[in-house]
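Just below is one structure, and these are the notes that go with it.
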Amino acid sequence: QEYYWRVDEIAQDGTVSQGRIWSFVLMASRLLDDFEQYGDYPPRRIFETWLDGLGYDDPSLGVVGNGSGSVVGHDFAPFAETRIVHSGKQSLPLRFDNSQAPYYSQTDHRFTPPQDWAGPGFTKLSLAFHGHAANHPAPEDRLYVSLEDSKGRSVLFHYEGNPAKYAQPDWHEWALSFGGLTEMDWSQITALHIGMGNPDNPVSGSSGQVFIDDIYVTRSR
């Protein structure tokens, strides 16, 4: 939706001098993460927001991780990716290893407070992913997104595009639609999970790396 405004100057004698017309556009979308805000020191390290299987040492909680075969971020600072980016200056590096139990690799991001996607009428989630030439994923290894609500219910989406894109060193955009799904409370979205594999039916797979950037929710046009 585009909006306009104008400021007119009224002189003491009542003469009106019209100003220029300004405008702005309200986009029908909400940015969830463009990975620009992360740094190299606690608590802003990327793997402290996007939890992985390796985990990190929290003084109050101990080692925090999700137990899957994923590793978020580089081994040394800068932990976020700064060369392979879809936009801005950073993206999320996600290494996956599905050759050992639990045979899937996932990173978890929890929303505090929960996200309301029902009120604004959001019906789609989009993200950009970048493959790696060294990737040779097994057929079971597919990129997926899982969403969770405040009652613990979840819905899983698998990427249905060409799996050869996982090995292409290019950016690819994936838009998935959740409009019409009634088993979730879309006004109370508490977590977003991104991974490789199939957590609902985990089987031994392969290893590799992908990069994630620019995650949005949008309304259908």
Side-chain angles (χ1 to χ4, degrees), residues 29-35 37-38 42-73 92 94-98 100-129 140-160 174-205 210 212-220:
S29 64
R30 176 187 298 170
L31 175 67
L32 296 183
D33 208 333
D34 59 4
F35 305 100
Q37 72 272 27
Y38 301 109
R44 296 180 57 243
R45 296 174 298 180
I46 194 167
F47 48 80
E48 292 178 89
T49 297
W50 290 87
L51 299 183
D52 60 13
L54 185 63
Y56 69 96
D57 191 7
D58 186 305
S60 62
L61 300 174
V63 177
V64 180
N66 62 25
S68 73
S70 67
V71 177
V72 166
L92 180 145
L94 176 62
R95 282 178 281 170
F96 62 94
D97 185 354
N98 298 340
Q100 302 179 34
Y103 305 118
Y104 67 91
S105 300
Q106 179 173 292
T107 178
D108 308 326
H109 178 41
R110 300 203 171 272
F111 300 114
T112 305
Q115 292 262 321
D116 178 9
W117 296 352
F122 295 131
T123 58
K124 291 184 178 181
L125 184 143
S126 65
L127 59 83
F129 71 92
E140 297 80 10
D141 293 332
R142 288 193 292 168
L143 185 67
Y144 68 85
V145 166
S146 176
L147 301 169
E148 187 177 333
D149 68 12
S150 58
K151 296 181 180 179
R153 298 173 296 192
S154 63
V155 59
L156 180 70
F157 302 89
H158 280 288
Y159 180 67
E160 300 294 346
W174 178 24
L176 57 93
S177 176
F178 52 82
L181 297 179
T182 58
E183 64 267 30
M184 296 278 289
D185 183 354
W186 297 106
S187 67
Q188 292 285 314
I189 299 300
T190 56
L192 165 63
H193 313 285
I194 301 175
M196 287 287 288
N198 186 351
D200 285 348
N201 184 27
V203 294
S204 180
V210 293
I212 306 295
D213 205 353
D214 293 334
I215 306 174
Y216 286 86
V217 283
T218 63
R219 293 196 293 267
S220 298

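Starting from 1, each residue takes its place in the sequence as its number. From a predicted model like this one, the values you see are computed outputs, not experimental measurements.
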Between [X] and [Y], is any pair of side-chain heavy atoms under 4.5 Å apart?
X	Y	result
R95	D97	no
Y144	N198	no
D116	F111	no
I194	L143	yes
E140	M196	no
P202	P102	no
R153	E183	no
L125	L147	yes

Between OH of Y216 and CG of L31, what distance do you get to the nearest 0.5 Å?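 It comes to 4.5 Å.
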Counting distance only, does the side-chain N/O of [X] pair as donor-acceptor with the main-chain N or O of [Y] below 3.5 Å?
X	Y	result
W186	L181	yes
D149	D185	yes
D214	L127	no
S187	A118	no

Decide yes or no on side chain to side chain contact (heavy atoms under 4.5 Å, CB included) for Q115 and L192, but give the supporting numbers first. CA-CA 10 Å; Q115 292 262 321; L192 165 63; over 6 Å; no
For F129, which of L92, L94, I212 qualifies under side chain to side chain contact (heavy atoms under 4.5 Å, CB included)?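 Considering L92, L94, I212, a side chain to side chain contact (heavy atoms under 4.5 Å, CB included) with F129 is found only for I212.
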For Q37, check side-chain contact (heavy atoms from CB on, under 4.5 Å) against everything at least two apart and list the hits.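 With neighbours one apart ignored, the set is D33, D34.
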Taking the inter-plane angle between the rings of Y38 and F35 on a 0 to 90° scale, is it parallel (under 30°), tilted (30 to 60°) or perpendicular (over 60°)?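 If you compare the ring of Y38 with that of F35, the planes turn out tilted.
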May I ask you to decide if the ring planes of F47 and Y56 are parallel, tilted or perpendicular, using 30° and 60° as cut-offs?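 Taking Y56 first and then F47, their aromatic rings sit tilted (interplane angle of 30° to 60°).
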Pair F178 and W117, ring centroids less than 6.0 Å apart: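 Close enough - the centres of the two rings lie under 6.0 Å apart.
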